[in-house]
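What follows is one structure encoded as structure tokens, with my remarks underneath.
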Amino acid sequence: MKNLKILTILLLISFGCLTMVKTTLAATFQSTINISTRDGNYGALPNVSFVIYKQKTDIDGRRLPGDQVASGNTKDKTMATVKINVDNRSPMYLAKFYTKNANVAPIYYYDLDLTNTYTYNFIARLSSLRIILQNAEGKILTNQKFNLYTQKTGLTGTLKGDLYASNLATNNQGYSDVYLAEGAYLIELLLDGGTTFIKDNLKVTKEQKTTLIYPISELVITIKDEKGVALPKQKFEIYTQTTDNIGQPTFGKKIIATDTGEGIKKLLLPPNIYGLKIFNVNRQADSLFGQVLTESNLLIINYSPSNLRLILKDANRNYFKNKEVAIFTQNCASCGNFLGARVASAKTNNCGEANFQLTPGIYVIKIAALGGVDYYFYDQKIAAGENKILTEYLSSIRIIGRRGNGDILKNVLVSITSQKLDINQKPLSDKIIATLNTKDVGFADLYLPAGNYFAIFNKNIIANLKVERAHLTQLTILETEKGFSYPVKIVFLGEETLIKPKITLTIPRKKIINNFYSQKRLSLDLEQTLARQLKEKLEHILGQGKIGVSSENWPILVNAHVYGGYAATEIAHTIKNGPLVVHPTIPAAVWRGSADYQKYLARVK
């Protein structure tokens, strides 16, 4: 008979105990379940799929899905209806809701008691976490990837539990809604260079919506030229910073190798202390340590590479165009070879300029041989961020051919040799560097670095030529009725510093003060202008405030320069070493050829 309850008594004899079990005749009926899905704010949540299972428990009492009895989707109406056959002997069911992101684990609702329930209305409010990610400048980040884990607690604090979802990302509006079961979670942010950062303690409450707004730590690097303009495509590398065995900062794990792109590079990185290698156009690397990036903060690095602008001129201030220049690192003096690795090269432009990006250090500049011997300029120090401008006047030898009447002496051949020392340390002629021909222009130039050379004319050594840095050493082959003489003159930036003629001329010295060398007196304004210019030249030679001439003697020196034709370097020599180089009444052109002058030069050698 339907719905008839039959009581059955079973007698079980076990170890002397009587157990009575009551059973009920199964009653099965059809139940209609109406399911509506909402978010934590009761907003309609369409297109949510679900499955209904019989609920069972394991030996530890944990609730588990049993047999599947129904499934469906709430679609656009956010509602769905299913019918199931309920057995009153096991009326407990559970529902599993698949969130809108297929990568996220489903949400379970347990303990749906359908005992004698013919219609069951169920509103499922799915708890969620809205993740809004920004950079440290406050800009919303779209398509920012992250992984989601359950959170557990360990001895050292919060730890990653089970992976709940991977490869999630913020949408075009800069957020991601993740529907989660109640619990504690953490997100693993996937940042630049394969780095990660954990943001933990995200608490999700049942049937509630939780919002996280999180700024990610950001490093911004700009590499600028000497004018402050951002340089594109400048390469750099980022490392975690560590220390060596003596406690000095050094590079740890390489994080990323990239460049500045259009001029500014922005990177999302976890908090840490970083070291950077910044490469210049020559692939030299400058090291920046101690770059501290803290959580959710912005670290801005403005870096300017060191620059060297080299300007090449000769001793007469003429530019050298299209000349090859190479830059080498400089080894220590005790290393044997001063010349280290070649790091850069360039040719000078029409203004004699060559520009180089260099890391801080000490360098050697090499100028390729200009018909003679290579130039080397040592001890060129470049500081961090320095924009150094260096003007070098290349020293040289000039051979001039003249007759006693001043006419050009054409096609004079003079060989220039290097020097070596014999066992007694006396100089000897060594290898011929070049043979010069004055041709029809009456002169020939040979560019040589500072040093000692011999000039050979008609197979005889005629002059010991001392070439000074930035100076022109001028040798004249002067043909007279009595033969040849070989006056030598050294010039710096157009001013004569020393003359050694072979012609002897004896002129008695007279002590005459304040005369004008038989020249017509200039206007007072012009005299004063020339006196000021002389003072500036002397301060350049002797040093600011170091001229030290009395008001009584100053007019004598001014007249010697203005009317007597004496160079500023000769005036300076007189101030430092006393008279005889400058004569107070005899013009320079005459006095330099006198026997007295020659005797003085012999004494001061």
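Just so it is clear, the model here is predicted, and its values are computed rather than measured. Each residue takes its place number in the sequence, starting with 1.
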Problem - Phe320 ring center within less than 6.0 Å of Tyr447 ring center - result: yes
Problem - Tyr179: which of Val48, Ile107, Thr37 passes side-chain contact (heavy atoms from CB on, under 4.5 Å) - result: Ile107
Practice task
Examine Arg469 relative to Tyr393 and say whether NZ or CZ is less than 6.0 Å from the centre of the six-membered ring and inside a 45° cone about the ring axis.
Solution key: no
Handout entry: Aromatic ring proximity Tyr53/Tyr93, centre distance under 6.0 Å
Key = no
Exercise for the section: Examine distances only and state if a side-chain atom of Arg130 and a backbone atom of Asp177 form a donor-acceptor pair shorter than 3.5 Å. Expected result: no
Exercise for the section: Mind telling me whether Tyr110 and Tyr108 have parallel, tilted or perpendicular rings, with 30° and 60° as the class edges? Expected result: parallel
Handout entry: Cation-pi, Phe279 ring and Arg283 (6.0 angstrom, 45 degrees)
Key = yes
Completion exercise
Heavy-atom closest pair (Lys233 atom, Asp259 atom, distance to 0.1 Å) is C-CB, 3.8 Å
Problem - Ring centres under 6.0 angstrom apart (Phe122, Tyr109) - result: yes
Completion exercise
Minimal heavy-atom distance between Leu191 and Leu268, with the atoms involved, is CB-O, 3.3 Å
Exercise for the section: Check whether the side chains of Thr359 and Asp286 place a donor and an acceptor atom closer than 3.5 Å, and report yes or no. Expected result: no
Problem - Residues Lys313, Glu392: salt bridge by 4.0 Å N-O rule - result: no
Exercise for the section: Please determine, by modelled atom types, if Thr142 and Asn172 share a side-chain donor-acceptor pair under 3.5 angstrom. Expected result: no
Practice task
Could you tell me the separation between the CZ atom of Phe50 and the CG atom of Asn73, rounded to the nearest 0.5 Å?
Solution key: 7.5 Å
Practice task
Assess whether ring-ring contact (aromatic ring centres under 6.0 Å, His included) is satisfied between Tyr376 and Phe328, documenting all intermediate values.
Solution key: CA-CA 10 Å; Tyr376 291 92; Phe328 295 80; 7.4 Å; no
Exercise for the section: Could you walk me through whether Asn307 and Glu386 pass side chain to side chain donor-acceptor pair (under 3.5 Å), step by step? Expected result: CA-CA 6 Å; Asn307 294 281; Glu386 180 181 10; over 6 Å; no
Problem - Aromatic centroids of Tyr239 and Tyr274 separated by under 6.0 Å - result: no
Handout entry: Sidechain N-carboxylate O distance under 4.0 Å for Arg62, Asp60
Key = yes
Problem - Short side-chain donor-acceptor distance under 3.5 Å, Ser36 and Arg38 - result: yes
Handout entry: Any donor-acceptor N/O pair, Thr117 side chain to Thr115 backbone, under 3.5 Å
Key = yes
